[in-house]
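Following: one structure in structure tokens, then a few remarks.
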Amino acid sequence: MHPVLKLIAQRLALSVLLLLAASVLIFAGTMILPGDVAQSILGQSATPEALANLRAELGLNDPPVARYFAWLGGALHGDLGTALTNGRDIAESLGVRLKNTLFLAFWAALISVPLAILLGLIAVRYEGRWPDKAISGVTLASISIPEFLIGYLLMYFVAVKLGWFSSVAMINDSMTLGQKLNAIALPVMVLTLVVLAHMMRMTRAAILNVMQSAYIETAELKGLSGFDVIRKHAFPNAISPIVNVVMLNLAYLVVGVVVIEVVFVYPGMGQYLVDHVSKRDVPVVQACGLIFAAVYIGLNMIADIVSILANPRLRHPK
Amino acid sequence: MNDQLDYLASRVTARKMSRREFMGRAAALGISASLASSLFASAARAAGPVKGGTLKMGSVGGESTNSLDPALALSQVSYHVLYAFGEKLVNVAPDGTLEMRVAESVEANDDGSVWTFRIRDGIEFHDGKPLTAEDVMKTMERHSNEESQSGALGIMRGIQSMAVDGKNFVVNLTEPNADLPYLMNDYHLMIQPNGGMDDPATRIGCGPYKVEVDEPGVRHTFSKFENYWDDTRGHADSLEILVLNDATARMAALQSGQVHVVNRVEPKIADLLRRAPNINVYNVGGPGHYVFIMHCDTPPFDNNDLRMALKYAINREEMVDKILRGYGTVGNDMPINAAYPLFDDTIPQRSYDPEKAAEHYKKSGHDGSPIILRTADGAFPGAVDAAALFQQSAQAAGIPLEIKREPNDGYWSEVWNVKPFCASYWGGRPVQDQMYSTAYLSTADWNDTRFKNAEFDALLLQARAELDEPKRKALYSKMGMMVRDEGGLICPMFNDFVEATTSNVQGWEPNPDGDTMAGRWSSKLWLE
């Protein structure tokens, strides 16, 4: 077998194993949350009879191990069960939320990733001069401000004062793509500002690292211009760390944007998860946890595979 | 100038002039903007409601876990959704009287132990089926039977049996209760087809609006139900309730005109919002109160002197000023205030008195160890700050309080009604009997102060069966004094409902019975 294929197969197997381990952790984690589902559903006004009735109905009296395997079996068949709190099919409601989350993440990534890499390249080209310093300064400032504050500032100036975009990024199926893009304009801006610095700095550092190599000097000596050296010789060799940090940020865009969702009232998965955690709706929390874990592991696996493929020593073994 | 103003107002009443035009002309006459605005509102009100448009509300308190099942409703969004598509036997009107809705009339027998509700003719469910007394009975059964998970289960307890007699729905009580019709005002008791026995979370209701989109935790939309029986309600063609849990997002949506109505305006920004253009802010005192509760049966709180010491050691005025920013009134260590019928306003107001507190503290013989007060942000808005203020005012009286901050998560299951001293809130009830039987009767499930007093219980039952109002008022006054002087409740403040609308919304009517006109914004407001 080709060593690259073998490596990739290893990565895949490892990812599946990791996902299983994550599923155990998720299940165990949801077991040790304080309070119980019945109490959380009925809240402050719960009476003991109502609580006992609800507990029995939800099957909260079965042993946890049996519940884990029943759940895992269902999840493998695509059946995530029904939400304890409102009795809806989880796969269905989660599907809508996941689609929304991916929609937002996609547009944020589409803008932020090329922008970050481009800015990184410019920063390297003008290293130590004003464009480099300006890019670093602005992106570091934007990552240092808490994201909700950037959100509120944009909301106040762009939505309330200027009225350009909506402060409520609520999208639904009856909207056209244009309307949806208009609705998510502000959250996309905030997310771009938040993830830009990390990717930009990493691109800059990775390429600068390569720029110290002897073959870069050779390239310069044979008369290539600054950008050509970076594009043809430095960037391809720096791709592995850049892909890693890009994937990390993509994962963040999918799993870490609950604050932005709350601020802009975006119907994504983060808010959905938080609501169900606070109501101890265990099946939903587990399903969300599993999907988040799968996204994280999947993206990291892609980063690994790209790094492997980008390494000529692995691509062309002796 | 008055003639001209009258003329302008008449143009508004005849719907010949817009708000913008009216404001401009009034300004030309030298009328201040706020006066012009109120003149416009009264002229527009005289014109009667305008039909049509989409009325949008941004509401706090919605989760993706919400269901349409009225029995499970708990937070504000569910409350407003229920009032939009459902209807109960009765409502409590803004002046505290009963307003007949699905029931056309209600009568009691001589001692108040049998109540007969006559069900109104010609009410239809959204699927076209007529509403019958049978549906009403099934609804009440679902909220009171053994499998019930309903938030209204507690108040249905005194019912011995129910029956249908033609168009009448008859309730037999285990003991007389003069307030029974008020209990039917509970918002969980929306009448459903066959009582929701077939499908508890059915979209079919009998309210002024039909459910169109139901995305829990995101938005709910409704369209006008053409066959609704009452033409004077439900002016907009459609409704939208957007779940805006974040306070800043809610205010931004109101200011940028994406919603017309918002609830839960935070007291600290209410005055700022009042100054914003084209926004009206409303507040109304209600029966809701923020409290610190002590378990009367757990040391050291089993000593009445210590309880009195803590009651004297809290500065109520300061709490209203700093926590509610004036949007509320001081409490008097009893769960009742002027928002309740039969309230006795001659009961003396307790105030901050460090000397008396120190005196009682000394008499209690407490060993001087810090008393642990548990609090969390989720206990009530500002609960952590309120606990800190309490700590300081108690310190001045020589009483050491130790604040233990608990996570919001699990507060209602792990701390409230479990730990002996903590911060909490009560939403209040429409009548005194219901408030006392929910939380101060010895046997009540939610007796969160563990107040057990046989004499009090006897008085409560006596008052419940007493149909003579002055006598009843005297009984309630006596009970209030008992809770105030012996109970485990420290009630520093009653909070106002603070809400806001854009200025093109008309028909506002403050109602202390609940959030945003007690849920009736959807059927009573209109867009001009």
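Worth saying up front: this structure is predicted, and the values here are computed from it rather than measured. Letters A, B, ... are given to chains in the order of the sequence lines, protein chains preceding strands, and every chain is numbered from 1.
- When all heavy atoms of A249(B) and V262(A) are compared, the pair lying nearest together is CB-O, 4.5 Å.
- In this structure, the portions of Y272(A) lying under 4.5 Å from any heavy atom of chain B include both its backbone and its side chain.
- With a 4.5 Å cut-off on non-hydrogen atoms, V265(A) touches chain B through its side chain but not through its backbone.
- Between S67(B) and R88(A) the shortest side-chain heavy-atom distance does not fall below 4.5 Å.
- Looking at heavy atoms from C-beta onward, R97(A) lies in side-chain contact with S64(B) at the 4.5 angstrom threshold.
- Of the two parts of P216(B), the backbone and the side chain both hold a non-hydrogen atom closer than 4.5 Å to a non-hydrogen atom of chain A.
- Here M170(A) is the residue among M170(A), Q271(A), M155(A) with the most heavy-atom pairs under 4.5 Å with chain B.
- Atom OH of Y156(A) sits in a sparse spot, with 12 or fewer heavy atoms from other residues, nucleotides or ligands closer than 6.0 Å.
- Heavy atoms of A83(A) lying under 4.5 Å from chain B are absent altogether.
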Practice problem: Decide side chain to side chain contact (heavy atoms under 4.5 Å, CB included) for R219(B) and N172(A); before the verdict, give the C-alpha distance in whole Å, the side-chain angles of both, and the deciding distance to 0.1 Å. | Solution: CA-CA 10 Å; R219(B) 63 182 192 135; N172(A) 57 64; 3.1 Å; yes

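- Closest non-hydrogen pair, S256(B) versus V160(A), comes out as CB-CA, 4.3 Å.
- Counting heavy-atom pairs closer than 4.5 Å to chain B, the top residue among S166(A), G163(A), S93(A) is S166(A).
- Within 6.0 Å of CZ in R274(B) there are more than 12 heavy atoms belonging to other residues, nucleotides or ligands.
- For chain A, the option among N408(B), L242(B), L68(B) with the highest count of heavy-atom pairs below 4.5 Å is L242(B).
- Both the backbone and the side chain of A253(B) come within less than 4.5 Å of a heavy atom of chain A.
- Within a 6.0 Å sphere centred on NZ of K180(A), other residues, nucleotides and ligands contribute more than 12 heavy atoms.
- Ranked by non-hydrogen atom pairs under 4.5 Å with chain A, the options D214(B), V243(B), L244(B) are led by D214(B).
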